[in-house]
Amino acid sequence: MAKSIQFKSGDLLFRRGDASDCVFWVRHGEIEVLRENGDNAILIGHVRGGEWLGEMGVIEGRSRSATARAVSDGAAEVLTPQEFLDRVSRDASLARGLIQRLSIRLRTIEDKIAGDLLLSTREAETSENGAPSSEALPNDNERILLTAGSDSLRSRIGPSAIQVGQLPFVVGRLPINGEASPPRSPDLSIDDQPPFRLSRDHFMISRSQGRLLVSDLGSTLGTVVNGQPIGHDFMRDTALLNHGENRVVAGGWGSAFEFIVSIG
């Protein structure tokens with residue numbers, strides 16, 4: 001049976017590099033997830049009541065990829081790997097979410113082996129006459145604009161809005177000298193300097209089942225979409241975009257790479 005723990009503000013639940021020997025289900029309270037980047041600890045998101053923490057390390061059999069520290073008093077259930085797997089077998093929605101996420105991870109690995117995901121996707125969505133299919137283009141009455149949400153980003157990409165003319169649309173960092181090109185060729189490549197906040201292929205805007213969404217592409221520091229962190233250290237790799245303005249921050253809270261994605 002899962003045990004319960006109480007934690008206080010400032011308590012460390014685990015550190016990066018620790019063994020992934022348990023999974024936390026947060027009953028209440030708030031936990032910040034931190035990733036070391038050079039000499040700095042970067043806040044990449046929060047886990048709150050009703051959310052899981054540390055599940056993917058257990059599923060993948062990998063050590064902790066980030067540090068988890070409480071920012072308020074709270075409580076959590078602590079499940080052994082077997083207890084967590086038993087919970088998954090009883091909870092269809094939890095199982096479905098994990099299967100979808102692992103499927104995305106597997107597809108990412110396959111894409112890295114096969115080559116450029118963006119090129120292959122566009123080729124697959126091209127009809128026999130060479131015209132892109134409707135899924136590859138925004139709807140006729142749907143306009144997608146990308147603008148800088150911070151002065152620092154504005155100095156890199158300019159003040160004008162960038163119109164997204166074809167999906168998927170990938171945003172990433174320009175490789176530095178000696179660094180390999182990313183597996184997915186970004187549609188928007190942005191300069192960054194060490195310690196990097198932006199990964200070479202960081203996030204992607206795409207459409208799934210008629211809805212627009214943002215997917216984190218396995219970036220080092222994750223992505224925050226309208227306040228919701230996504231990426232390796234969180235329960236989701238994707239987040240839906242809303243009609244109107246959406247804020248997408250690449251590289252953790254406080255990153256200069258803050259984008260406004262406008263859907264209209």
Side-chain angles (χ1 to χ4, degrees), residues 1-91 93-95 97-102 104-106 108-109 195-197 199 202 216-225 227-239 249-255:
M1 182 176 179
K3 67 177 182 180
S4 297
I5 63 166
Q6 305 286 326
F7 55 81
K8 294 187 177 297
S9 177
D11 286 352
L12 283 173
L13 280 76
F14 53 77
R15 290 183 179 274
R16 184 179 184 184
D18 288 351
S20 296
D21 55 2
C22 66
V23 177
F24 297 86
W25 185 77
V26 182
R27 287 182 173 176
H28 61 88
E30 184 173 353
I31 298 164
E32 60 184 6
V33 181
L34 306 162
R35 180 73 65 83
E36 289 73 21
N37 189 24
D39 295 330
N40 300 317
I42 304 298
L43 173 64
I44 58 176
H46 295 87
V47 175
R48 299 180 174 88
E51 297 180 337
W52 293 96
L53 173 67
E55 77 289 344
M56 292 308 294
V58 166
I59 291 289
E60 296 176 336
R62 301 170 64 179
S63 60
R64 304 294 190 191
S65 59
T67 296
R69 181 174 63 197
V71 293
S72 71
D73 295 353
E77 288 185 28
V78 184
L79 288 74
T80 66
Q82 188 58 55
E83 288 170 338
F84 176 68
L85 294 175
D86 290 343
R87 178 79 65 91
V88 171
S89 69
R90 298 193 303 268
D91 188 332
S93 62
L94 175 58
L98 289 173
I99 291 170
Q100 289 175 341
R101 193 167 182 197
L102 290 170
I104 291 171
R105 297 280 173 84
L106 178 60
T108 299
I109 294 171
F196 299 119
R197 297 293 286 265
S199 293
H202 199 108
D216 183 85
L217 297 175
S219 69
T220 301
L221 296 175
T223 306
V224 183
V225 182
Q228 174 188 336
I230 60 174
H232 183 274
D233 297 290
F234 303 94
M235 190 62 186
R236 301 174 183 86
D237 290 313
T238 63
V249 182
W253 292 95
S255 170

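Under the side-chain contact (heavy atoms from CB on, under 4.5 Å) criterion, S219 pairs with S199, H202, D216, T223, not counting sequence neighbours. With sequence neighbours excluded, the residues satisfying side-chain contact (heavy atoms from CB on, under 4.5 Å) with D21 are R64. By the side-chain hydrogen bond (donor to acceptor under 3.5 Å, both in side chains) test, S63 is found to be paired with no residue, residues two or more places apart in sequence or in another chain being considered. For E36, the side-chain contact (heavy atoms from CB on, under 4.5 Å) partners are R16, T67, not counting sequence neighbours. Scored by the side-chain hydrogen bond (donor to acceptor under 3.5 Å, both in side chains) test, E32 finds R69 as partners (sequence neighbours excluded). For R48, the side-chain hydrogen bond (donor to acceptor under 3.5 Å, both in side chains) test picks out E30, with sequence neighbours left out. Residues passing the side-chain hydrogen bond (donor to acceptor under 3.5 Å, both in side chains) test with S20: none are found, sequence neighbours excluded. By the side-chain contact (heavy atoms from CB on, under 4.5 Å) test, A2 is found to be paired with E77, L79, E83, residues two or more places apart in sequence or in another chain being considered.
Between R62 and H232 the shortest side-chain heavy-atom distance falls below 4.5 Å. Side chains of D11 and D73 form no contact here, defined as non-hydrogen atoms less than 4.5 Å apart. Using a 4.5 Å heavy-atom threshold, the side chains of D233 and S65 count as touching. The side-chain heavy atoms of E51 and V26, taken from C-beta on, include no pair separated by under 4.5 Å.
Rounding to the nearest 0.5 Å gives a distance of 12.5 Å between CG of D86 and CG of D91. Separating the CG atom in L221 from the CG atom in L34 is a distance of 11.0 Å, to the nearest 0.5 Å. E55 CD to M235 CE: the interatomic distance, rounded to the nearest 0.5 Å, is 5.0 Å. Interatomic distance, CZ of R197 versus CZ of R35, reported as 12.0 Å (0.5 Å rounding). From L53, atom CG reaches atom NE2 of H46 across 12.5 Å, with rounding to the nearest 0.5 Å. Atom OG of S255 and atom CZ of F196 lie 13.0 Å apart (nearest 0.5 Å).
In this structure, F24 and A76 approach most closely via the heavy-atom pair CD2-CB, 4.4 Å. Here the closest heavy-atom approach between residue W253 and residue G45 is recorded as NE1-CA, 3.3 Å. Across L94 and R87, no two heavy atoms sit closer than the pair CD2-CG, 4.1 Å. The heavy-atom pair separating F7 from A70 by the smallest distance is CD1-CB, 3.5 Å.
Considering I31, V47, D18, V33 in turn, I31 is the only one that fulfils the side-chain contact (heavy atoms from CB on, under 4.5 Å) rule with L13.
A ring-ring contact (aromatic ring centres under 6.0 Å, His included) check over residues 67-87, counting only residues at least two apart or in different chains, returns the pairs W52-F84.
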